Amino acid sequence: MYDLTQLTFQDVTEIGSHLRKLGQEADSLETVADRCVRYLRECFIDPATQESACALSRFFKTYSYGQLPGDLQQTAQTLIGQPISDPVKCLTLMGTAGDQADWCDRTRSQGHQAIPLTSEKAVEQIPMISQLIKAFDLDISCVLAPDPHLLMALESKTCNVFHIPNALGSEFIPAQQTFVEPYGIRSVIGFGGMLPSGELFAIILFTKVVVPAQTAQLFKVLPLNIKMAIAPFLKKDAFRPLQPA
């Protein structure tokens with residue numbers, strides 16, 4: 001367990017080592033993502049309560065609409081109320097863990113299971129997502145349509161962190177009255193980057209303790225470990241196999 005208010009470089013090094021191993025004996029990227037968010041939620045502790053310092057932790061990855069299973073395609077279409085072409089990137093919720101039961105099952109998420117990124121303008125209208133992309137030092141256009149000739153350069157951009165030190169009143173988290181205020185969200189940390197396939201991945205932590213900038217910057221070391229965990233599943237096995245009825 002780690003005190004999120006007094007995190008050290010040695011702590012995140014140990015955390016990274018654990019994250020790197022979470023792909024072992026997994027059946028899909030979804031399983032690895034689920035393990036990642038559950039581990040991060042469990043390992044960060046609020047010293048005042050000795051409970052998890054993370055109200056909610058989530059793992060997102062972009063997929064082209066045509067790559068999504070039918071249920072997520074329908075969810076994405078319903079979200080924007082119009083047909084979506086196969087190449088359109090969708091920011092897809094792959095893992096979630098939190099204080100509420102509905103936050104522990106990606107299929108029960110309201111409005112975040114598959115978010116179509118139909119255009120730069122559309123992404124700009126989603127404040128947290130647009131700011132996260134910019135914090136990763138990426139152009140929105142590169143996420144929507146990555147240039148194959150630039151993938152190596154884009155993949156190296158996994159060293160920046162998206163950080164909202166004061167979530168209360170932040171313009172980047174619109175759900176103030178329905179999420180931030182009632183659940184005591186104090187800070188937000190996002191980390192991730194581009195994959196060799198040109199897809200974006202990101203883990204976002206909504207914390208119940210204030211996370212200062214110097215602590216947030218320590219999370220720069222974690223994306224490479226997560227890349228190593230999910231690497232075997234980038235060209236196959238995105239979602240868990242369906243269980244027999």
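Because the structure is predicted, anything quoted here is derived from the model rather than measured. Each residue takes its place number in the sequence, starting with 1.
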Checklist entry - What do you reckon, is CD of Gln214 surrounded by more than 12 foreign heavy atoms closer than 6.0 Å? => result yes
Item to check | 4.5 Å side-chain heavy-atom contact, Arg106 and Thr96 | outcome: yes
Checklist entry - Looking only at heavy atoms, what is the nearest atom pair of Ser85 and Tyr65, with distance? => result O-CB, 3.5 Å
Item to check | Atom of Glu25, atom of Arg35 and distance for their closest heavy-atom approach | outcome: O-NH2, 3.7 Å
Checklist entry - What closest approach, in Å, do Ser64 and Pro87 show between heavy atoms, and which atom pair accounts for it? => result OG-O, 3.9 Å
Checklist entry - Can you hop from Met1 to Phe9 via hydrophobic side chains spaced under 4.5 Å? => result no
Item to check | Shortest non-hydrogen separation from Val123 to Ser130 and the atoms involved | outcome: O-CB, 3.4 Å
Item to check | Exercise: do Lys21 and Gln24 side chains pair donor with acceptor under 3.5 Å | outcome: no
Next on the checklist: I need the full list of ring pair (Phe, Tyr, Trp, His ring centres under 6.0 Å) pairs touching residues 85-132, with sequence neighbours left out, sorted by first then second residue.
Outcome noted: Trp103-Phe179, Trp103-Tyr183
Next on the checklist: Taking Asp86's backbone N and O only, do any of them form a donor-acceptor pair with Gln73's side chain (distance below 3.5 Å, no angle check)?
Outcome noted: no
Checklist entry - Between Thr31 and Arg240, is any side-chain donor less than 3.5 angstrom from a side-chain acceptor? => result yes
Checklist outcome for this item: One should read off an interatomic distance between Cys36 SG and Leu19 CG, to the nearest 0.5 angstrom, of 5.5 Å
Next on the checklist: Given 3.5 Å as the limit, does a donor-acceptor pair link the side chain of Glu42 with the main chain of Tyr39, or not?
Outcome noted: no
Checklist entry - Considering residues, nucleotides and ligands other than Gln82, do more than 12 of their heavy atoms fall under 6.0 Å from its CD? => result yes
Checklist entry - So Leu7 and Val12, side chain to side chain contact (heavy atoms under 4.5 Å, CB included) or not? Walk me through it. => result CA-CA 7 Å; Leu7 204 62; Val12 294; 3.5 Å; yes
Item to check | Test: Lys208 and Asp99 ion pair at under 4.0 Å | outcome: yes
Checklist entry - Is it the case that one hydrophobic cluster holds both Tyr2 and Val221, taking links as side-chain heavy atoms less than 4.5 Å apart, direct or via other members? => result yes
Checklist entry - What is the minimum heavy-atom distance between Thr178 and Ala175, and which atoms define it? => result OG1-CB, 3.4 Å
Next on the checklist: Would you compute the distance between atom OG1 of Thr8 and atom CG of Asp3 and round it to the nearest 0.5 angstrom?
Outcome noted: 10.0 Å
Item to check | Within 6.0 Å of CD in Gln177, more than 12 heavy atoms from elsewhere | outcome: no
Item to check | For Val88, the option from Leu117, Thr118, Leu144, Ile80 that meets side-chain contact (heavy atoms from CB on, under 4.5 Å) | outcome: Thr118
Next on the checklist: Once salt bridge (Lys or Arg N to Asp or Glu O under 4.0 Å) is applied, what residue pairs with a partner in residues 109-124 remain, sequence neighbours excluded?
Outcome noted: Glu124-Lys134
Checklist entry - Does the side chain of Phe136 come within less than 4.5 Å of Leu200's, by heavy atoms? => result yes
Item to check | CZ (Arg186) with more than 12 external heavy atoms under 6.0 Å | outcome: no
Checklist entry - Are the side chain of His163 and the backbone N or O of Val211 linked by a donor-acceptor pair below 3.5 Å? => result yes
Checklist entry - How far does CD1 of Ile189 sit from CD1 of Ile164, to the nearest 0.5 angstrom? => result 10.5 Å
Checklist entry - Roughly how far, to the nearest 0.5 Å, is the OG1 atom of Thr75 from the CD atom of Gln110? => result 9.5 Å
Item to check | Shared hydrophobic cluster, Met228 / Val32 (ILVMFWY, side-chain heavy atoms < 4.5 Å) | outcome: no
Next on the checklist: To the closest 0.5 Å, what do you measure between CZ (Phe239) and CG (Asp27)?
Outcome noted: 12.5 Å
Item to check | Derivation of the side chain to side chain contact (heavy atoms under 4.5 Å, CB included) call for Glu30 and Phe233 | outcome: CA-CA 9 Å; Glu30 180 185 354; Phe233 307 98; over 6 Å; no
Item to check | Hydrophobic cluster membership, Phe162 vs Leu168, 4.5 Å side-chain cutoff | outcome: yes
Checklist entry - Applying salt bridge (Lys or Arg N to Asp or Glu O under 4.0 Å), which residue pairs with at least one partner in residues 6-20 are found, sequence neighbours left out? => result none
Checklist entry - Just checking, is any N or O donor in the side chain of Asp139 or Ser141 under 3.5 Å from an acceptor N or O on the other one? => result no
Checklist entry - Hey, are the side chains of Lys89 and Tyr63 touching, using non-hydrogen atoms and a 4.5 Å cut-off? => result no
Checklist entry - Can you tell if the side chain of Leu234 reaches within under 4.5 Å of the side chain of Pro196, non-hydrogen atoms only? => result yes
Checklist entry - Going hydrophobic residue to hydrophobic residue with side-chain gaps under 4.5 angstrom, can you get from Leu218 over to Ile45? => result no
Checklist entry - If you round to the nearest 0.5 Å, how far is OG1 of Thr62 from CE of Met94? => result 11.0 Å
Item to check | Contact check, side chains of Leu68 and Cys90, non-hydrogen atoms, under 4.5 Å | outcome: yes
Next on the checklist: Run Ser28 and Lys236 through side chain to side chain contact (heavy atoms under 4.5 Å, CB included) and show every step you take.
Outcome noted: CA-CA 8 Å; Ser28 62; Lys236 61 174 185 176; over 6 Å; no
Item to check | Stepwise side chain to side chain contact (heavy atoms under 4.5 Å, CB included) check, Thr92 with Ile115 | outcome: CA-CA 6 Å; Thr92 307; Ile115 305 170; over 6 Å; no
Next on the checklist: Could you check whether any side-chain heavy atom of Val188 comes within less than 4.5 Å of a side-chain heavy atom of Ile173, counting everything from C-beta outward?
Outcome noted: yes
Next on the checklist: Ignoring hydrogens, what is the shortest heavy-atom contact between Ala202 and Leu132? Give both atom names and the distance.
Outcome noted: CB-CD2, 4.0 Å
Item to check | Any side-chain heavy-atom pair of Val209 and Phe44 under 4.5 Å | outcome: no
Checklist entry - So, Thr207 side chain and Ala53 main chain: donor-acceptor pair closer than 3.5 Å or not? => result no
Next on the checklist: Just so I know, are the side chains of Arg58 and Ser109 near enough to count as touching, which here means a heavy-atom distance under 4.5 Å?
Outcome noted: yes
